[in-house]
Amino acid sequence: MNERSTSHRKAAIYLRISQDREMDGLAIDRQREDCENLARFRRWDVVETYVDQSKSATDRTAIRPDYDRMVADYLLGRFDAIICYDLDRLTRQPRQLEDWIDAAELRGLALVTANGDADLSTDGGRMYARIKAAVARAEMERKSARQSAAQRQRAMQGRAPKGMRPLGYAVDGEVIPHEAEAVRAIYDLFTRIEHPESLRSLARALSGTEQIDGITPLPKHTHTVSVERATARAQQGLEPRPIVEDGPWSPSTVLGILRNPRYAALSTYTPKFAQADGKRRRMWKAQILRDDAGEPIRGQWEPIVSDETWWKAQQVLDDTERVTNTSGSTKRKHLGSGLYRCGYVDEETGEVCGRKVTGAPRGYKCAGHIVRSGAAIDDFVMTVVAKRLARKDATVMVEVAVGGPHAAGIDSAISDQRARILRAEADYDAEIIEARDLKRVRDAAEVRIQELEAERLMQGRAGALSPILGVDDPAEAFQDASLDLRRQTIDTLATVTLLPQPRGRKGFRTESVVVDWR
């Protein structure tokens, strides 16, 4: 038993449990009883009790509200002693421990534990505290490594991830029909050609403050899940957990739905190092697990949206014009941004860049390669495509582009290109090829993969172009169509390549824009 201290101190009690699954407070009460008994034994006055329930001290990014409040109160001089059940209840971070050691050495803080003193005023006590914190940290890291390995193995097997269920799926992975309809509507409305909806408008429609055909208002998902959990606990005779209040949906929640590969039955694993990034949702594509051939691991659950729809949503979200847009609109402002391709030819290798150009204030650019004025280019492309649509075989051309036996081999071709990259990487590791050779193979294969994936996305687009192809005068309909529909038509019919403007020549030259029909 601890020796009785006769010095009068004002003490704070700190109580914490990492995860209180029952949320009944019994574990906290057991800590409280032992700490209060120790305070009475030492004849210290308890001025405040700080409680962090279901709060981890292992995660350095986790917020412990009462811990932070206790630190602030100590700096204000409200107490000069801390009582906790065990040292690892106070902290598992060596950096935080050093702060308390400094407080003990410089300001005379007394820190005691109910299961044995952690006397920070002596060198032996500080050594004990540091060893204990280091052991606790090592234990946490080993446990984290085991859990991460198990989670990755589970994902590689295509099993559904654990945790809070996403909208549209039950805890057991089964599809919830009315929620799944909402998910499909979100994807369809966000990716449609004519007048796509923004994240804000979809959030308002889900909240019921704006009416959009196809969207039925729903309670906020966190509210629905908390009600389900409370009901389940009540059926088990347990005390219900607090229910999250219902409220409006946020655009960030809609973004999370659109970014989640699970809706396309794609298995993912997010390493710990990626989770601290505030842009984690934008990284989800990179976290899709792949097999040795480079093919995505398929989940053992029913997809709610198709691959084409999910990848199309990622294209919209990844659009650089849209990311910097603060108006909430997902519409592009340039006819050819992300559509036209750069035709710059490297003088040394003879390779064509082939990357998609981006919109510039007055036209289009590909960094380091070309800068072109846009109006004349767009007028030329519009004229060429309209002339092509005026021909009687325009509809036949689209049918050839989106159908036929070639479409069946796209997935196989993508797999071949990914295998080509893997072989090149293995050859580089074996010192068979040099770094520049690896880069050349990888760049060429990735460009081809992007082209094949874009071609795969085009499957079935003839129906989407019916407002143009299904009328008597497709050329006129194309000229009068919205920007999105004109872009979709151009993308389906042709590949437009912009060549660098010859030096010393002013004015637009038609030969600087190459239109290759598909």
Side-chain angles (χ1 to χ4, degrees), residues 193 315 319-321 331-402 444 447-448 450-451 454-455 457-458 461-462 465 467-469 471-518:
I193 299 174
Q315 284 188 329
D319 177 13
T320 55
E321 287 189 356
K331 297 180 181 178
R332 291 182 183 264
K333 299 175 178 62
H334 299 82
L335 178 66
S337 61
L339 179 60
Y340 301 162
R341 292 188 176 272
C342 172
Y344 174 82
V345 179
D346 189 287
E347 295 180 355
E348 295 183 0
T349 65
E351 294 183 354
V352 179
C353 171
R355 292 199 300 261
K356 293 179 179 179
V357 300
T358 58
R362 297 183 179 179
Y364 303 105
K365 66 178 180 179
C366 178
H369 291 167
I370 62 173
V371 177
R372 300 290 306 273
S373 58
I377 293 173
D378 291 345
D379 290 342
F380 173 73
V381 173
M382 288 285 294
T383 300
V384 172
V385 174
K387 288 181 179 179
R388 184 64 184 85
L389 288 171
R391 292 169 49 176
K392 294 181 179 180
D393 63 345
T395 303
V396 176
M397 184 181 182
V398 175
E399 290 173 351
V400 172
V402 300
V447 168
R448 183 56 182 153
Q450 290 176 359
E451 293 173 350
E455 191 171 349
L457 286 174
M458 286 197 304
R461 283 185 178 177
L465 298 181
I468 290 178
L469 301 177
V471 299
D472 295 335
D473 190 347
E476 182 180 357
F478 171 72
Q479 295 280 6
D480 296 337
S482 67
L483 176 64
D484 295 305
L485 191 51
R486 293 200 303 267
R487 285 173 50 83
Q488 186 74 50
T489 304
I490 295 170
D491 193 23
T492 302
L493 293 178
T495 298
V496 179
T497 302
L498 306 184
L499 304 179
Q501 181 77 358
R503 292 182 179 179
R505 294 190 180 183
K506 296 182 179 180
F508 173 72
R509 301 174 63 86
T510 57
E511 60 267 26
S512 68
V513 179
V514 179
V515 179
D516 294 318
W517 303 108
R518 297 185 187 276

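Keep in mind the model is a prediction, meaning the values are calculated, not measured. Count residues from 1 along the sequence.
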**OP:** Go through the steps for Lys365 and Thr358 under the test side-chain contact (heavy atoms from CB on, under 4.5 Å), then give the verdict.
**Re:** CA-CA 6 Å; Lys365 66 178 180 179; Thr358 58; 3.6 Å; yes

Considering residues at least two apart in sequence or located in another chain, which fulfil the side-chain contact (heavy atoms from CB on, under 4.5 Å) criterion with [X]?
X	result
Val384	Phe380, Val515, Trp517
Val514	Thr497, Leu499, Asp516
Ala477	Ile468, Val471
Thr383	Lys387

With sequence neighbours excluded, tell me which residues meet side-chain hydrogen bond (donor to acceptor under 3.5 Å, both in side chains) with [X].
X	result
Ser512	Arg372
Thr510	none
Glu511	Arg509

Original post:
Among all residues two or more places apart in sequence or in another chain, which pass the ring-ring contact (aromatic ring centres under 6.0 Å, His included) test with Phe478?
Top reply: none

Looking only at heavy atoms, what is the nearest atom pair of [X] and [Y], with distance?
X	Y	answer
Gly336	Val357	O-CG2, 3.8 Å
His334	Arg487	O-NH1, 3.6 Å
Asp472	Pro474	O-CD, 3.4 Å
Ala386	Ala475	O-CB, 3.3 Å
Ala481	Arg486	O-NH1, 2.6 Å

**OP:** Answer yes or no: is there a side-chain heavy-atom contact under 4.5 Å between Ile490 and Leu335?
**Re:** yes

Original post:
Are any side-chain N or O atoms of Tyr364 and backbone N or O atoms of Tyr340, one a donor and one an acceptor, separated by less than 3.5 Å?
Top reply: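 It does not hold such a pair.
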
Original post:
Side chain of Arg355, backbone of Cys342: donor and acceptor closer than 3.5 Å?
Top reply: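 It does not hold such a pair.
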
**OP:** Working to the nearest 0.5 Å, report the span between SG of Cys366 and CG of Leu498.
**Re:** 9.5 Å

Subject >> Derivation and outcome, side-chain contact (heavy atoms from CB on, under 4.5 Å), residues Leu339 and Val496 >> reply: CA-CA 8 Å; Leu339 179 60; Val496 179; over 6 Å; no

